[in-house]
Number of protein chains: 2
Amino acid sequence: MTPSIPDADSNLPDSADGLRDMILARYDGMTKVLQQVGRYVLDHPEDMALLTLNELAERSGTQPSAIVRFAKALGFTGAGPMQRLLRDSLIAQNSALGYSERVHQFGAAVEDSVSAGGIGALIDEFAEGDILALQNTRAMVGREGLASAVALIAAARVVHLVGMRRAFPVAAYLAYAVPQAGKPTMLVDGVGGLAAQQLRAIGPDDVMIAISYHSYAPETVSAVEAACAAAAKVLAISDSLLSPIAKRATQTLLVRESEVRGFRSLSSSLCLAQALVVGLAYDQQRHVAAGGGAPAGDAS
Amino acid sequence: MTPSIPDADSNLPDSADGLRDMILARYDGMTKVLQQVGRYVLDHPEDMALLTLNELAERSGTQPSAIVRFAKALGFTGAGPMQRLLRDSLIAQNSALGYSERVHQFGAAVEDSVSAGGIGALIDEFAEGDILALQNTRAMVGREGLASAVALIAAARVVHLVGMRRAFPVAAYLAYAVPQAGKPTMLVDGVGGLAAQQLRAIGPDDVMIAISYHSYAPETVSAVEAACAAAAKVLAISDSLLSPIAKRATQTLLVRESEVRGFRSLSSSLCLAQALVVGLAYDQQRHVAAGGGAPAGDAS
DNA sequence: TTCATGGTGGAATGAAATTTTCATATTGAC
DNA sequence: GTCAATATGAAAATTTCATTCCACCATGAA
């Protein structure tokens, strides 16, 4: 039974923005599941506008009835009216442009001058460049490349990670994610001048993942040399087969990063790193327990 | 009676663009009513994506059954699949995860889908997901968002960076790149338990760039609180307006990372970070020397 | 610990929308 | 001009979806 809508403000929002503000205002007073629904509405308004309640419930990890309750808690008569509000806003946004223009909205050529579009136009350039780079990387790495790299890592006792300067974020990501896949991991970061000690821990059953781009950091090169000296395997992530780390590597994964205005990106390397880790997680799982089920997701 | 789909090309289009081309190609061979439907699909794709067949029939001056026949003539099994195609394109333009439920399988039958394409197929999934996420980020951040964020950083005396766990690679990249743009930078990394000391250095003319994703690391939240207490500006890079750091931030840049098999990516955040840094470099350069020319590129 | 209150998940129900079917109309050929 | 074949429109039938209802669980107080 609806309690005759005792809500303080019986006036509904009349726009998606108004709805967003209303959710933000009431969020703290909501129950756990209702908050979950609210978060999904704020984070994925397009989904909430267009999908069915069953799909939404699945994606947001709730129940259809919870979505209906959420809408009613906000004063709507049901989930339908709330969806209609979001959908109308979405249509209004998109029908401003003609169909053909909107379709090519993202493929449109980018002005090559910063002063033309202002500094803000840089986001278009970098996004577009990264998209092209990702397509390229996907083709260059290939399924076999990824699969054999995963096998290489899976067979190792310990994973050692090296990446300096611009490559460091990639190494840092792997240092965060690889242990989650259940593989012992050491990041050779050289903090406290302990790089030599860290390299001494490399054994013959280990693998070193070395990430380096032109021009190749000498610390990374010498770390690879140390790994080779210890008879460890080396997986190189680099931008050239001629790079000093690729030459000594057991396997090399080539990534082509976009270069916009002289700045090279990292998106492709991160994407590849993530594919490696998830592949490793599936592989580990398959060997540990024959049963199915997804490997644990991540959190931050 | 379906004539067992005698259409020459039984392969369906996989995008709104492809559908549009297919309609144009077959238009001349269609009957009057089917042409009428086709014209409506081309002229009002968002209606066709969202409205019910009854409404569409009324608006286009046809019948619901005519729309079903039209879809079948194109090779679809019914009007539903055709609408779904258009709807997904609509979502893809506005959000990252527009592309079918295959991406969103949490615990469902993961084992066999991996073994179907092999672990190597993950590279395709992640690359594709990241591309969609980048398109979305580009649209969500927008030129104004980037421009005002750059202005916020440019006005600061010192930039403080916070990002833990999964967000750390982004902070690490900024710690590498922001100083190259000539802006004093401190990374709050908490190495050696010195986080408190690092936070004490924040002044009222500074800006803190805080990166955090669900679920939000408490260290990051308290760092933001410390920045607020010091009357510093806060630029949040996060995945939700409800995140504890977004609520306290001077400005929030929303990024929606792709989520494939429960693992969220970082490509969009890295792309955004790079756009921020290059924008900052141009801005700094413009104020230091009026002359044009690109800022120095990077190297590793 | 026990009870009471309110929240939550899942199944049943009723409504709405899509698809099929069939009768009628229209077009083209002989 | 008539017949055959196909297209069209209307309505029935089926499927899908939103909502409601009920039983169970969690939380907090006595």
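Computed over heavy atoms, backbone and side chain alike; hydrogens, waters and symmetry mates excluded. Every chain is numbered from 1, with letters handed out A, B, ... down the list of sequences.
Taking atom CZ of B:R87 as the reference point, atom C1' of D:dC17 lies 13 Å away to the nearest angstrom. Atom-to-atom, CZ of B:R84 to P of D:dT16 comes out at 10 Å; the value is rounded to the nearest Å. Spacing between atom CZ of A:R69 and atom P of D:dT19 amounts to 13 Å, rounded to whole angstrom units. Rounding to whole angstrom units, CG of residue A:L51 and P of D:dT16 are separated by 17 Å. The distance from atom CG of B:N54 to atom C1' of D:dA11 is 12 Å, rounded to the nearest whole Å. Computed from coordinates, the A:Q36 CD to C:dG7 P distance equals 16 Å when rounded to whole Å. B:F70 places its CZ atom 14 Å from the P atom of C:dT19, with the value rounded to the nearest Å. In this structure, the CE atom of A:M82 is 14 Å from the C1' atom of D:dT19, given to the nearest Å.
Distances from the side chain of B:T52 to the nucleotides C:dG9, C:dA17, C:dT8 place C:dA17 closest. Residue B:K32 places its side chain closer to D:dT8 than to any other of D:dA18, D:dT8, C:dT19. Checking D:dA18, D:dT8, C:dT18 against every side-chain atom of A:Q83, the shortest atom distance belongs to D:dA18.
Mapping B:L34 and B:P64 onto DNA chain D via the closest heavy atom, the residue that lands nearer the 5' end is B:L34.
Annotation: cation-pi pair B:R264/B:Y213 absent, no NZ/CZ under 6.0 Å from the ring centroid and within 45° of its normal.
No side-chain donor-acceptor contact under 3.5 Å links B:T220 and B:S212. Side-chain atoms of A:Y27 and A:R39 form a donor-acceptor pair, as typed in the model, at a separation below 3.5 Å. Using modelled atom types, one finds no donor on one side chain facing an acceptor on the other under 3.5 Å when comparing B:Y216 with B:S238.
Dashed line: the shortest gap from a side-chain N or O of A:Q63 to OP1 or OP2 of C:dT8 is not under 4.0 Å. Distances shown here put a side-chain N or O of A:K72 below 4.0 Å from the OP1 or OP2 atom of D:dT20. Close to D:dT20, at under 4.0 Å from its OP1 or OP2, lies no side-chain N or O of A:S65.
At a threshold of 4.0 Å, the pair B:D124-A:R143 counts as salt-bridged, since one of the basic side-chain nitrogens sits closer than that to a carboxylate oxygen.
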